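Small disclaimer: the values here were computed from a predicted structure and weren't measured. Counting starts at 1 for both ligands and their atoms, in listed order.
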Amino acid sequence: MKVVDGIQMKMLDQTAMEEYKIPGIILMEQAGMAVTEEIMKEIQRQENKRVMIICGLGNNGGDGFVAARHLFQRGIPVKVRIIGDIARLNGDAKSNYDILKKLKTDIKTMLDFQDIQKLSDELAHSGIVVDAICGTGLNRGADGLWKELIRVINQCGKYILSIDIPSGVSASTGNILDTAVRANKTVVLQLPKVGNINFPGADYSDEMIVKDIGIPKEAIERNNLNISLITETMIRNILPRRKNDTHKGNYGKAYIVAGSMGMTGAAMLTCEAVFRSGAGLLKVAIPQSLNSIMETRLIEAITVPLPELKKGVVGISDIEKIIKTMKESDVIAVGPGSGQTRELEEVLRNIFEEATIPIVLDADALNSLAHRLDMLKLLKSTAVLTPHIGEMARLINIPIEEIQRNKIQIAMEFAQKWKVILILKGARTVIASPEGKVFINTTGNPGMATAGSGDVLTGIVTGFLAQGIQPLEAALAAVYMHGAAGDRAAVRIGEYGLMAGDIVVELPHAIKEIVGK
Ligand SMILES: NC(=O)C1=CN([C@@H]2O[C@H](COP(=O)(O)OP(=O)(O)OC[C@H]3O[C@@H](n4cnc5c(N)ncnc54)[C@H](O)[C@@H]3O)[C@@H](O)[C@H]2O)[C@H](O)CC1
Ligand SMILES: [K+]
């Protein structure tokens, strides 16, 4: 499913109106009717059937006027309150306002704090409050009057339904501009906005429903919208059912360079996840002093003990051995628990120069690239980088807060500039491709914010790549399945005690649920 930012939504509007000659007032009518449908559903559930619609001066407010008219026609007790001077109303919103005035509905403007206080008193007698203050046109922080209005709405204790997006949430990023309405439900018009999906904006509505308002499907296709939600259907098409006449070689040979003294656990988690995501064979290159530990804990994998620089750390002398094994593999992953050393940087340089297979870079491999991003120019094959926000901040030397505020743009620019697939991990992981495509994942939960969770994801990406799944699809499927397995674990044991190992345990069950066997 496509996701749009504020600008793309406006473009879509223009296409519908200019190319397909659909007048804006028709789109507004459809929007208002879609909102009316959802209000009527809630009215069935409410004792108090009185509806209060709070409108801004833009088209979001216009949607509210249309809904008010439809409710009025159905005999529902409805009041409309407009924040701001109605002299500023124009276009389709003004037309719908004029109709409401003719119908002699209860419609008043709010111009000062006294009016907001009056509204607060009236809300005490309402059943449902409709937030039609602002939609994709939010273009600045809330001033004093808006702040007070939003405060009054948020503390009224009534059922709140927002039109398109809770007012105060930026449609393009999901950031909150000062303050925002906290809705029980949002009726999203035509396509989800980034602000409906990304945090913190996604937290400002308990649920959302996307309603078609009549923008032609081909108009959506033509606008080459580059942001999509990862859906179960998408993953079902990526992870095919297995054929019977196959052997382990069909499911690929994975190779991992990982682990260092005190960090064999990270390597272990990655290795287990490689197998649990279906890879046929796995070799793991580790410092030789850790070999016995790994041998005992990972019976299915073949270990490749490397002579070490110092106890427990991979040294440069191992390059030939690493490259030799790499050439016999279908994918190589570097980084989980490797430790950050100059040697690792040299190992990476050689791998980049020699590899013709996909490369997965995580954790300390990413830290080694920080301030040396130019090394990525040596790549001859596709690399999948899996930084969390902190690793990304080190990688591109930008503060974490700035990345949080603009994840999609930053991920997209990085992937296009360095021609890599970027998995920017976090709540609502963002995946960006060298072609400028962006995907947002909605599986997963806060219980997964635990040590080793990223190592598991690296293993899943590596395992899917080993099976010959194309790099972008492997990244999408891995992120989706990682979250789905984490969600299964949270259902079983809750979020507090959830450990990375629980994600590995649930992974095969989550895959079976999608693939069917
Ligand atoms: N194709 C569609 O999706 C359609 C969507 N519709 C609705 O139209 C809005 C977007 O309308 P627009 O007029 O561009 O913007 P808003 O109504 O969101 O504008 C808000 C309004 O408020 C002003 N404003 C913005 N920020 C602030 C602030 N912090 N303080 C005070 N005032 C502010 C701004 O200047 C505007 O005047 C979309 O979300 C849908 O709901 C159409 O109805 C049909 C087609
Ligand atoms: K709104």
Side-chain angles (χ1 to χ4, degrees), residues 2-18 20 22-35 38 53-67 82-97 110-111 129-150 153-154 160-172 175-196 201 204-205 208 210-216 219-220 223 225:
K2 290 297 178 188
V3 175
V4 288
D5 62 24
I7 296 159
Q8 288 171 326
M9 195 66 237
K10 276 239 171 317
M11 267 162 39
L12 218 43
D13 261 354
Q14 296 306 331
T15 308
M17 291 188 271
E18 289 157 19
Y20 294 86
I22 304 173
I25 201 154
I26 296 285
L27 294 173
M28 185 172 283
E29 190 66 19
Q30 303 263 80
M33 288 168 71
V35 169
E38 294 307 310
I53 303 187
I54 302 168
C55 297
L57 297 172
N59 288 334
N60 197 246
D63 298 344
F65 294 146
V66 174
I82 304 168
I83 178 79
D85 177 359
I86 49 172
R88 284 178 46 213
L89 277 174
N90 59 44
D92 303 334
K94 173 81 170 59
S95 309
N96 277 293
Y97 168 80
M110 300 182 289
L111 296 168
V129 180
V130 177
D131 155 29
I133 302 168
C134 184
T136 54
L138 182 71
N139 55 24
R140 57 190 187 278
D143 60 16
L145 210 54
W146 266 42
K147 267 198 190 120
E148 178 57 11
L149 172 61
I150 290 172
I153 293 170
N154 284 343
I160 297 173
L161 181 145
S162 283
I163 298 181
D164 213 14
I165 192 164
S167 299
V169 176
S170 157
S172 297
N175 296 332
I176 310 303
L177 272 60
D178 288 325
T179 179
V181 169
R182 287 191 178 278
N184 296 92
K185 176 182 271 190
T186 299
V187 180
V188 177
L189 303 172
Q190 198 67 53
L191 289 172
K193 296 1 176 234
V194 169
N196 295 122
Y204 278 70
S205 189
M208 72 178 214
V210 183
K211 304 283 269 192
D212 188 314
I213 64 166
I215 295 181
I220 296 171
N223 265 282
L225 302 171

Between I163 and the K ion (ligand 2), is there a contact where an N/O/S atom of the residue lies under 3.4 Å from the metal? yes

Among I82, I83, L145, whose side-chain contact (heavy atoms from CB on, under 4.5 Å) with M110 holds? I83

Qualifying residues under ring-ring contact (aromatic ring centres under 6.0 Å, His included), relative to Y97, sequence neighbours excluded: F65

If you measure from CD1 on I165 to CD1 on I133, what distance do you get to the nearest 0.5 Å? 13.0 Å

Show me the donor-acceptor pairs, under 3.5 Å and distance only, between side chains in residues 5-13 and residues at least two apart or in other chains.
unit_1, atom_1, unit_2, atom_2, d
D5, OD1, I7, N, 3.1
D5, OD1, Q8, N, 2.7
Q8, OE1, D5, N, 3.0
Q8, NE2, N226, OD1, 3.0

Could you tell me, for ligand 1, which of its N or O atoms are under 3.5 Å from any protein N or O, listing the pairs and their distances rounded to 0.1 Å?
unit_1, atom_1, unit_2, atom_2, d
ligand 1, 1 (N), D13, OD1, 2.2
ligand 1, 13 (O), N59, N, 2.9
ligand 1, 14 (O), K10, NZ, 2.7
ligand 1, 15 (O), G137, N, 3.4
ligand 1, 17 (O), N59, N, 3.1
ligand 1, 17 (O), N60, N, 2.9
ligand 1, 18 (O), G135, N, 2.5
ligand 1, 18 (O), G137, N, 2.9
ligand 1, 26 (N), N139, N, 3.3
ligand 1, 26 (N), N139, OD1, 3.3
ligand 1, 29 (N), R140, O, 2.8
ligand 1, 29 (N), G141, O, 2.8
ligand 1, 32 (N), R140, NH2, 3.3
ligand 1, 39 (O), T136, N, 3.0
ligand 1, 39 (O), D164, OD2, 2.7
ligand 1, 41 (O), N60, ND2, 2.7
ligand 1, 41 (O), D63, OD2, 2.6
ligand 1, 43 (O), D63, OD1, 2.3
ligand 1, 43 (O), D63, OD2, 3.3

List the atom of M28, the atom of N59, and the distance in Å for their closest heavy-atom pair. CE-OD1, 3.2 Å

Metal-centred angle, the K ion (ligand 2) as apex - OG of S167, OD1 of N60, 10° resolution: 100°

Calculate the angle formed at the K ion (ligand 2) by O in C134 and OD2 in D131; 10° precision is enough. 120°

Gap between atom CG of L27 and atom CG of D63 - 0.5 Å precision: 9.5 Å

For the K ion (ligand 2), decide whether A132 has an N, O or S atom at a distance under 3.4 Å. no

Run the side-chain contact (heavy atoms from CB on, under 4.5 Å) test against I150 and tell me which residues pass, sequence neighbours left out. N154, T179, V181

What verdict does the side-chain hydrogen bond (donor to acceptor under 3.5 Å, both in side chains) test give for N196 and T186, after you've listed the backbone C-alpha separation in whole Å, the side-chain angles of each residue and the deciding distance to 0.1 Å? CA-CA 9 Å; N196 295 122; T186 299; 5.1 Å; no

